Every structure is written in C-alpha cells, then in structure tokens.
Amino acid sequence: MRLRPLICYAIFLPPLLLLVLAGTDPSDLSFITPINWDLYHSSDDLMEQIHSLVHRHPDKLSIEMIKSGNKGYNSELNVVTYCRGGRESDDRSNFRILLTFGQHGRELITSELAFRILSILSEEQFLPKKNGVTLNSTLDKLVIKLVPIENSNGRKRVEAGDLCERRNGRGVDLNRNWGVDWGKKEKDYDPSEENPGTAPFSEPETQIMRKLAISFDPHIWINVHSGMEALFMPYDHKNTTPEGLPSLKMRTLLEQVNKFHCQNRCMIGSGGGSVGYLAHGTATDYIYDVVRTPMAFTFEIFGDNQTSSRDCFKMFNPVDLPTFKRVLNDWSAAFFTIFKLGPLHLDENSTKSADKWVSIDEYLDGYLVERKNRYGKNMEVIDVGMQEIKTYFRLFLLSSVLLMFMFCSRIAKSKYGRNSIPVMP
C-alpha cells in the first residue's frame, strides 16, 4: 500500500507541519519504531531458513534463484515451488498458484507470512482447527510457486535504517513498473512513493516476475502487501471491476475469505475503487489483463492507521508478539482457504482463457524462462539467446513486410501498364 497519513492528501504538507498537526514535538523523533529483530528475520536469515526448509523436504519443495540486471543494477529473486506426490511441476494439467511477497521493502510482515505458509506446506507447522487429511487431499492437486522477497534490494535499504522505503534499489516502485496503463500520474503523485521507472519493465525485478508469470501461467495470482486490511481484485488503474462471470467468481471467493478469516472487516473490491487513489502500472492489472490469469488479487494483510505517517515500520508491520502471531495465523489460514476453494470456483471450462494475447517479446521471455526452469540453463545464456531470437524475429517481420510491399507494387505497376496500352484501330 502507498504511504498515506490519516488525511489522504496530507502528503502535500511540509514535514514540520505534519508533526505539529500530529501533536508531536519536531525535535523529538523517539516515536519512530525500529525493527523488532526479536520478531522479524533479516532478509539473509529468512532466505537461509527457507533454503534449509527446502533442503529438509525435497519431496515437496524446490528452490531456484533467477538473476537479472541492466545499466549496472542487478537483482536476484528466489522462487520456491511446492509440488507433492511425485508429479511434474510443469505438468499443465496441474492447478497453478503464484504468490509474491515483499514487493515493497518496508512491508516485512509479508515475507514472514511467506515463510509461515512454506512451513505449513512442508508440515513442520500446522494450521489450528484444520483436518490434515482434508488439507493433504487439497494440496495433492496444486503446484504453488512462491516468491518470499521480491524486492531484496529495497528490503536491504529498510534493514539499514530507511524504514519508509518501498521502492527498489534504484528508487523505482515495482508496483508501478508493469505494462498496463504505465506512467500515468494522478494529481497527488509522489515520486518518493510511486516512481514508475523510465519505461514499463525497466527494472530487473519486474522483468523476472513477468517472465515467471508468463511461463508458469497461473490460475490464481496473489500479490501480498501491508498497510491496511483488504482483499482487492482488478482494477487498480480505474474505479471499476471486470464485468461478467469471472468478476463474480473472484468477488465470491473474496467474500468467503473475508467472512472466515477477516470477520468481515477487510475491504473488498477493486483497488482503484476502494483504496482512495488510482494506481497505474500495477502487477495485478497486468497479470489479469495480459497474462489472463482468471483470478488475480492483491491482499493487504495488516495496517496500523492510528500511528504517525513517519512511523513507517509500525504502520506497515505488527510490533508486538500477540499481533504478530494473530496476523500470521489468520492470513496463513486464509491462504489455505484459497488453496481449497480456488479450484472449486474455476471449473474446467473457465480455468484458463483460450484467447490469451501477449506480445512476441513476452512470449519469448516466458518460453525461455520455462526452458531454463526445466533444463537448468544459465540465466546469462538464456538472456543472450532471448535477445538473438527477438532480433531474428524482428528482421523476419521486416523482410516479410518489404517483400509484401514489393509484391503489391509489382502487381499495381503491371495492372497500370496493361491499362495504359493504346488500342490499335
């Protein structure tokens, strides 16, 4: 979620005036809550714990690291795959779910939730009041890919003390860097919060996530954030939801999650229509509109709207043990409800749309990443091969257009020449 004080447009006020309005002495910054390392893992420790978890359960879990970079900026994402029962994870008959956490650096609680979900999937932890047999029968049908920390570079900046940072390592908001309605700025646009980058997918992190989404082709996508409690569906860039049966199915599923796990306190609807501002170039809108994932959601799992807007860690993350445990317990249970009910809401006739349209670049990106996932090719080799194929394909298209133009010109000249021959008496 974007950083907002209690008054929606207070971002325009000078910091000193904000402090005065909040009743705080500007010289006293002791109200800023530091990271509670007794509750939270560092990013390095979290990934070490996840790697150890995967190592202990090779029959259920696997992990791969995907690297990308441009213009001297590099990033890497760890992707954990859950697939049990000896099935092939790339079998297209599987029901596929893609989850991503930690897209904004300051939202540490989301990555802790990712670790909790993986611990339950591996059966090292358990959901209270859940029947293990029923849960196993549900999970037998699924392949789940999970990105625990999407924005590792931004997360490092938060851990170093920049507690309000949500952008990546070079100052771009990854949830404004996707291709649907990219670059549009609202009147209250704040570059310190929403910098969309120099172009759609200019950032290595979004390039990796786009390739992963296209190659995996999920039935359900969930982008997990914090800042409030909400269950959002498309769209973020306009004040409306999709029309027809797909939208009804998404809303019905969210209403069930809201009833069982939010006690009906979570906001439901489109991000653009519910949160109070429009967001352009978001991941969920792209996944729904371009990748054509039938169910694409953004979940907001925690928010303290009573705290100061400067106290970012407390605003976006629980700081006491009881609240920390409650958030992880409630929302991990909510995700397992999604795992159970999601496939039931998508029957065989509506699981994946047949009329998916993606650009040639997107198709090749996804195809090559899928080959990399299957055969373990080096990412650098994949990137080079991808660029070569794109170049050859563009040359092919250009030559085809030129040949067609020459052919049409010849026909036109031939026709004109015949019509211009004088008739002899």
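As the structure is a computational prediction, the values presented were derived from the model and not from experiment. Side chains included, hydrogens not; waters and symmetry mates left out as well; all remaining heavy atoms used. We number each residue from 1, following the sequence as shown.
- Checked by atom type, the side-chain pair Thr323/Asp320 shows a donor-acceptor distance below 3.5 Å.
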TODO: Using the side-chain contact (heavy atoms from CB on, under 4.5 Å) rule, take Asn36 and Val319 through it: C-alpha gap first, then chi angles, then the decisive distance, then the call.
DONE: CA-CA 7 Å; Asn36 184 348; Val319 296; 5.6 Å; no

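- Lys60 has no carboxylate O lying under 4.0 Å from a charged side-chain N of Glu124, or vice versa, which leaves the two without a salt bridge.
- For Phe313 and Tyr40, the ring centers sit closer than 6.0 Å to each other.
- Counted by atom type alone, Thr33 and Asp311 present one or more donor-acceptor pairs between their side chains at under 3.5 Å.
- Under the 3.5 Å distance criterion, with hydrogens and angles disregarded, a donor-acceptor pair is assigned to the side chains of His261 and Thr337.
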TODO: Give the intermediate values and the outcome of ring pair (Phe, Tyr, Trp, His ring centres under 6.0 Å) for residues Trp221 and Phe297.
DONE: CA-CA 6 Å; Trp221 151 280; Phe297 303 122; over 10 Å; no

TODO: I would like to know whether Arg176 and Glu186 meet salt bridge (charged side-chain N to carboxylate O under 4.0 Å, His left out); could you show each step before the answer?
DONE: CA-CA 12 Å; Arg176 300 295 184 272; Glu186 296 295 315; over 6 Å; no

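- Here the closest heavy-atom approach between residue His57 and residue Ser122 is recorded as CE1-O, 3.4 Å.
- We find that Asp44 and Lys156 are joined by a salt bridge, their nearest charged nitrogen and carboxylate oxygen being less than 4.0 Å apart.
- One N or O on the side chain of Asn329 and one on the backbone of Lys325 form a donor-acceptor pair closer than 3.5 Å.
- Using modelled atom types and a 3.5 Å distance limit, the side chains of Arg166 and Asn151 yield no donor-acceptor pair.
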Open item on the list: Between Glu203 and Asn177, does the side chain to side chain donor-acceptor pair (under 3.5 Å) criterion hold? Intermediate values first, please.
Closed with: CA-CA 7 Å; Glu203 303 310 296; Asn177 191 236; 4.8 Å; no

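- Salt bridge Asp140/Arg84: present, at least one basic N to carboxylate O contact under 4.0 Å.
- Between Lys259 and Glu255, no side-chain nitrogen of the basic residue sits less than 4.0 Å from a carboxylate oxygen of the acidic one, so the salt-bridge criterion is not met.
- Dense packing is recorded around CD of Gln263, with more than 12 heavy atoms of other residues, nucleotides or ligands lying under 6.0 Å away.
- Counting only distance, with no hydrogens or angles, the side chain of Asn175 and the backbone of Ala283 share a donor-acceptor pair below 3.5 Å.
- Between His280 and Glu194, the side chains place no donor N or O within less than 3.5 Å of an acceptor N or O (distance only, hydrogens not considered).
- At a cut-off of 3.5 Å, with distance as the only test, a side-chain donor of Asn153 or Tyr73 sits close to an acceptor on the other residue.
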